[in-house]
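Counting starts at 1 for both ligands and their atoms, in listed order. Only heavy atoms go into these numbers, but all of them, side chains included; no hydrogens, no water, no symmetry mates.
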Amino acid sequence: MKIPFFDYPAIYNENRQKFIDIFDDVCGRGAFILQKDLKEFEESIGKFLGVKHAYGVADGTNALILGLRAVGIGEEDEVIVCSHTYVASAASVYYVGAKPVAADIGNDNLLDPDDIERHITKNTKAVMVTQLNGRTCNMDRIIAVAKKHGLKVVEDSAQALGSKFKGKCAGTFGEFGTISFYPAKTLGCFGDGGLVMTNDDNIGKKLYITRDHGRDYDGKMVAWGTNSRLDNLQAAFLNFKLISYKEDIKRRREIAMLYNNALSDIDDLKLPPAPSDGNHFDIYQNYELYAGRRDELRQYLSENGIGTIIQWGGKPLHHIESLEIKSDLPKTDAFFKGCFMLPMHTTLTDEQVGYICDKIRSFYSG
Ligand SMILES: *Cc1c(COP(=O)(O)O)cnc(C)c1O
């Protein structure tokens, strides 16, 4: 059996004819930029998330940059980020002229609320949480620390569309939140795409204006802006995919349960939490686990046709030399000695998941 880590052609071939029809419909109408499909999508996804303002933008990175600008982060400011995140979290801080400062992970492998205070200086303005792998941080604790020090909370929720903490969606806790529609994300489009959201009317207006050259609701230029719009064609594909999105999450949670049940007695592994553990609702963008014998195990799985990857090429932010974000983060360092990810996507069959689990078990029994 051959099981790639992610199957890119499958996301198209699953509904090929439907996508061709959508392409033909949208292009036939000449509806390319800021048209009704985008408006529809923004309304539906805003409702799904329970957020007041949701705007389609060029990609998840631009969503972060627009968000940071809208809340007034800029030169001289520092923003605390989790070191276990994609470079885009920190890059967005850098691109608005501020300085990203890396903090450690907690036992849940997400930003540790207890490690925030250590990194606060007189310039710290905000904490950017990453709702990583489809899991939302314990936002009660993050917000409490931020409040105590007068810091803004902003969310890189690129990987967490529909993930919840205490029934509330990732991206709706902070001043703004973001989503990425990169093809391998839980709701992927056929290229780049993103969303920025907020419950604050003032921030919402700024986001609306800046993503389209400073144009207000009536088309009048009222401020400096940029071009960071989600293509109407991508929005049309996403409208279709959003219909079955809840089913997709259900399937991801099922796969996570299959992995958890089959692998929980292997001492060398540390598995991610169960789908509804505690106050969390996990959507499993990724199934990231820890193995003491990671490199041998990955080699064995690869020989058996199973693709796995180590997130961020194995380097948390504070070890990417060119970024010069140095920090002493023992828990992140320890985790990166053994972390990796098993295949996790909706086109995986139970049989394939069973095969992966069997191979892992035979590695440890051999
Ligand atoms: C994917 C991702 C982004 C960036 O999204 P793009 O749409 O690729 O720009 C940012 N942060 C995290 C955690 C991501 O996984």
Side-chain angles (χ1 to χ4, degrees), residues 5-6 8 11 41 45 54-69 79-96 100 102-103 105 108-111 126-137 142 153-163 170-171 173-174 176-197 207 211 226-231 234-235 237-238 241 252 272 282-288 309-318 320 323 325 332 335-336 339 341 344-345:
F5 179 74
F6 190 78
Y8 284 96
I11 60 176
F41 177 62
I45 200 165
Y55 300 118
V57 294
D59 53 61
T61 309
N62 272 278
L64 289 166
I65 294 173
L66 296 182
L68 288 168
R69 289 188 74 104
V79 178
I80 294 171
V81 299
C82 183
S83 191
H84 183 11
T85 188
Y86 187 42
V87 67
S89 318
S92 63
V93 173
Y94 178 86
Y95 265 83
V96 298
I105 54 173
D108 57 3
N109 303 328
L110 305 172
L111 177 64
V127 176
M128 177 186 284
V129 294
T130 297
Q131 315 292 24
L132 193 70
N133 294 334
R135 188 173 172 78
T136 307
C137 295
I142 302 267
V153 173
V154 302
E155 293 178 73
D156 180 350
S157 37
Q159 297 193 352
L161 175 61
S163 164
F173 292 88
F176 72 84
T178 61
I179 298 291
S180 167
F181 305 122
Y182 182 84
K185 296 280 160 63
T186 52
L187 185 69
C189 64
F190 301 130
D192 279 312
L195 187 91
V196 61
M197 69 184 97
L207 294 171
R211 70 133 183 215
T226 184
N227 183 354
S228 181
R229 303 174 296 223
L230 176 64
D231 284 345
Q234 298 290 1
F237 294 133
L238 289 167
K241 294 185 89 172
R252 286 175 176 273
D282 207 312
I283 64 153
Y284 298 95
Q285 162 67 56
N286 300 306
Y287 188 90
E288 186 175 46
I309 65 170
I310 303 177
Q311 203 153 213
W312 331 128
K315 282 199 180 193
L317 293 180
H318 70 290
I320 305 175
L323 301 184
I325 309 179
T332 306
F335 185 62
F336 271 77
C339 66
M341 310 195 290
M344 169 57 83
H345 48 84

Between Q285 and A184, is there a donor-acceptor pair closer than 3.5 Å when you use the side chain of the first and the backbone of the second?
yes
Measure from the side-chain N and O atoms of Q234 to the backbone N and O of F190, and report whether any donor-acceptor pair falls under 3.5 Å.
yes
Out of all atoms in ligand 1, which are within 4.0 Å of some heavy atom of G60? Include the element for each.
5 (O), 6 (P), 7 (O), 9 (O)
for atom 10 (C) of ligand 1, nearest protein heavy atom and its distance come out as D156 OD2, 3.5 Å
Quick check for you: to the nearest 0.5 Å, what is the distance between W312 atom CH2 and H84 atom NE2?
7.0 Å
With no hydrogens and no angle check, just 3.5 Å: does a side-chain donor-acceptor pair link S83 and H318?
yes
Given 3.5 Å as the limit, does a donor-acceptor pair link the side chain of R69 with the main chain of V96, or not?
no
Heavy atom under 4.0 Å from ligand 1: found in K185's side chain, backbone, both, or neither?
side chain
Give the atom numbers and elements of ligand 1 that come within less than 4.0 Å of a heavy atom of A158.
2 (C), 3 (C), 10 (C), 11 (N), 12 (C), 14 (C)
Nearest to atom 4 (C) of ligand 1 by heavy atom, T61, L64, I65: which?
T61
Judging by distance only, is a nitrogen or oxygen of S180 under 3.5 angstrom from one on ligand 1?
yes
Which atoms of ligand 1 have any heavy atom of T130 under 4.0 Å away?
13 (C)
of all protein heavy atoms, closest to atom 15 (O) of ligand 1 is Q159 NE2, 2.8 Å
Between E288 and N109, does any side-chain donor sit less than 3.5 Å from a side-chain acceptor?
no
